[in-house]
There are 4 protein chains.
Amino acid sequence: MPKIGMEPIRREALVKATIAEIGEHGTLDVTVSQIAQRAGMSSALAHHYFGGKEQIFVAAIRYMLGVYAAEVRGALVMADTPATRVEAIVRASFSPRNFRSETVSSWMNFYVLAQRSEEAERLLSIYQSRLRSNLRFGLRPLVGARAEAVAGRVAALIDGVYLRQSLGGGVPDNARANQQVMDYVELELEKGEK
Amino acid sequence: MPKIGMEPIRREALVKATIAEIGEHGTLDVTVSQIAQRAGMSSALAHHYFGGKEQIFVAAIRYMLGVYAAEVRGALVMADTPATRVEAIVRASFSPRNFRSETVSSWMNFYVLAQRSEEAERLLSIYQSRLRSNLRFGLRPLVGARAEAVAGRVAALIDGVYLRQSLGGGVPDNARANQQVMDYVELELEKGEK
Amino acid sequence: MPKIGMEPIRREALVKATIAEIGEHGTLDVTVSQIAQRAGMSSALAHHYFGGKEQIFVAAIRYMLGVYAAEVRGALVMADTPATRVEAIVRASFSPRNFRSETVSSWMNFYVLAQRSEEAERLLSIYQSRLRSNLRFGLRPLVGARAEAVAGRVAALIDGVYLRQSLGGGVPDNARANQQVMDYVELELEKGEK
Amino acid sequence: MPKIGMEPIRREALVKATIAEIGEHGTLDVTVSQIAQRAGMSSALAHHYFGGKEQIFVAAIRYMLGVYAAEVRGALVMADTPATRVEAIVRASFSPRNFRSETVSSWMNFYVLAQRSEEAERLLSIYQSRLRSNLRFGLRPLVGARAEAVAGRVAALIDGVYLRQSLGGGVPDNARANQQVMDYVELELEKGEK
DNA sequence: AATGAATGAGGATTCATTCAT
DNA sequence: GATGAATGAATCCTCATTCAT
């Protein structure tokens, strides 16, 4: 009897191994063999399931975005006011999970990958749109017409803080990151709809 | 007497070619041969002058930081009030030169490189320190004790805006980038030293 | 199930090809590609199985020493007197197999390799120790306390004759080589335990 | 005024540097640049004087053989009996100078070189002939018709002892080497003309 | 489903050698 | 006489990918 239903298990193992490997090396310069080994299988099997290295990377991006989206959704469930909605999004962005140096590094590298891979670019663009859309939706009742612009700045600030975390190798401090963004948000809220 | 004094010329040509090549490919995955060819020489000569690929990259980072630092200095010369100082720094960061998609892409990739290369990390850390120091100095008279925190956010925002430019491939819009950061700065200024 | 068990076959083919190639060129300056081609495979596979050029060389030394050791053992089986024991060792050292110009040349080159490679040095040292130990054991009953010194000279003489064979390119004459060493041995035996 | 008579000085510097470099590395795998640098000049000049790397090597062999020949001649001047003649040759072969590990290593490597280079082979063959001829001449009055064979064995023994010195890296012990060969010679002398 | 076997293509690096000055 | 400049030709090694089993 052939093992059945292995595919999703293998794929997930590979995707997680990919993220771990990129995080550890800090580069996309990881070999399929390294990934496959970490996932406990042969590199040939990795190719069998994904077709090629780039597709593994794309799947890894998709996976990370999916996790992130779920976190945001989860956080939004608890939020019942616009202000808490915005904070929920920021908090989800800097969740301990997303803020492990390994994850930060992967994220950075996927941005780089997006410059080569159309699919990667598409995925990251969607993520950015959603992030801004979510922020805008939360901000609208709070800052009115300025929601669009503010959302853009918050999104950029989130990414910028991320970027700086990928440097320095120090232990990422997500509380501080969170604070940094929320301080700005509050500033905008103070200003209100003016 | 042999032909002499070629070294600085060759080195600069290589450094510029490196940035161009990285910008064009969007990756650090460029070959020494490609770089050398673009610089109009053999790859052997590139090795002769730099010793290795990574050192070429490091020199490229150093070069970019140098140019940027000069731009900031140049912009600061004109600035005679704290507010214009801050704006000068932001403007220099988003100068047309630094905002060519090619440059943006290189910048991104150097962040990635910093995760592998100690020297690269060191250089970028210095850049970040200086940027924040400059901002802090300009902000102090305007926002008092909050200068430190605000400088951090402005720096992160600059990087975040940069990051988002590297995506989407569209023609970079430096006026808009500038505006995005300055809007935030003004917001902080309005709040003042409170 | 994949094709299996190729490794030992490939390794042996590579080792033999290495010796042949070195013998033919008279140098360690042979490329991995040459070796691999002669062994009927790609250079990449050679690297896959050995990890690197030096390790191929070391394996070749080990192989040659193994063959030689087996020859000595085989010759010793037939020997039932001290005198025949000594002769067996000498004869094995100059067996037609070991005396093919190709083998002689490899041997020479491995001595040179030992000056760079610790592992090569270790292996050759062990070989020398064993050779002398074997000789000493056979000589003890014949020359008593002088066994140590005589064994050293016989060993050196064997190597010296080898060395001279590697020169001149002429067809190696193993009978003569044999005689040369045995003449000396007999001289020592005549002197006896005095 | 152009520097004049530089040629012989430069050539000798290069030759000595070659021997030193080979001795230090234990291989012929030394670069012309290394040699030239050690000799205090550019690699281009080395080529200018010798035409190519192999010719530098050949000159180095010639130089070493010349020095050795001079040593033998010098030692022979003092010798006035056949027995002392033979000893003089052996002693010269193992002179401290020739027995520096550096020299031993070069010697070994030149044997290897002789398998590629006709000229090297020619030179070493001549050396061997002379050595044997000298030995034969000294031995004739002592061992009569056996002189030819004995000379061959002594020569081989000298080389074999050399060979073993190149291994093990230990400080070469020329007194012991000397003794090893002379013990054998005495043995032959005891046997006399029989 | 799974993998060991196998390779082609490519890339960093080295080096002997040439040349213009 | 002397050398910095320059390169073509290697060479080792890596790796994504394919294939037979």
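Reminder, nothing fancy here: chain letters follow the sequence lines and each chain counts from 1.
Per the geometry, CG belonging to C:L14 stands 14 Å off P belonging to F:dC13, to the nearest Å. Put simply, CD1 on A:I35 is 12 Å from P on F:dC15, counting in whole angstrom units. Taking atom CG on D:L45 and atom P on E:dC19, their separation rounds to 17 Å, with Å as the unit. The nearest whole Å value for the distance from the CD1 atom in A:I56 to the P atom in F:dA16 is 9 Å. A:L28 has its CG atom 12 Å from the P atom of F:dA16, to the nearest Å. Between the C1' atom of E:dA2 and the CD1 atom of C:I4 lies a distance of 12 Å, rounded to the nearest Å. Atom CZ of A:F50 and atom P of F:dT17 are 13 Å apart (whole Å). Remark: C1' of E:dT14 and CG of D:D29 are 12 Å apart, rounded to the nearest angstrom.
Residue-level contact check: B:Y49 touches the backbone only, with heavy atoms under 4.0 Å from sugar-phosphate atoms and none from bases. C:H48 comes within 4.0 angstrom of nothing in the nucleic acid, heavy atoms only. Nucleic acid contact class of C:T31 (heavy atoms, under 4.0 Å, all strands): sugar-phosphate only.
Listed nucleotides E:dT13, E:dA2, E:dA5 differ in distance to C:E7; the shortest reach to its side chain belongs to E:dA5. Each of E:dT7, F:dA5, E:dT17 was ranked by its minimum atom distance to the side chain of B:M6; first place goes to F:dA5.
Dashed line: the shortest gap from a side-chain N or O of B:R10 to OP1 or OP2 of F:dG4 is not under 4.0 Å.
Ranked by how close their nearest DNA chain F nucleotide is to the 5' end, B:G5 and A:K53 are led by B:G5. Mapping B:A44 and C:V30 onto DNA chain F via the closest heavy atom, the residue that lands nearer the 5' end is B:A44. Summary of the strand contacts: D:S43 and B:E54 both lie near DNA chain E, and taking for each the nucleotide with the nearest heavy atom, the more 5' one is attributed to B:E54. Residues B:V32 and C:G40 each lie close to DNA chain E; by heavy-atom proximity, the contact nearer the 5' end of the strand is made by C:G40.
Taking each heavy atom of A:L14 and A:A36 in turn, the nearest pair found is CD2-CA, 4.0 Å.
For the residue pair A:E102 and A:S106, no side-chain donor N or O sits within less than 3.5 Å of a side-chain acceptor on the partner.
Of the nucleotides present, E:dC19 is the one that pairs with F:dG4 by Watson-Crick or G-U wobble criteria, both distances under 3.5 Å. Applying the Watson-Crick and G-U wobble criteria (two distances, each under 3.5 Å), E:dA9 pairs with F:dT14.
Checked for salt-bridge contact, C:E119 and C:R122 meet the test: a charged N lies under 4.0 Å from a carboxylate O.
Checking A:L28, A:V32, A:I56, A:V30 one by one against A:T18, the side-chain contact (heavy atoms from CB on, under 4.5 Å) holds for a single residue, A:I56.
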Begin with the C-alpha distance, continue with both residues' side-chain angles, and end with the deciding distance and a verdict on side chain to side chain donor-acceptor pair (under 3.5 Å) for D:S125 and D:E121. CA-CA 6 Å; D:S125 291; D:E121 210 239 286; 3.2 Å; yes
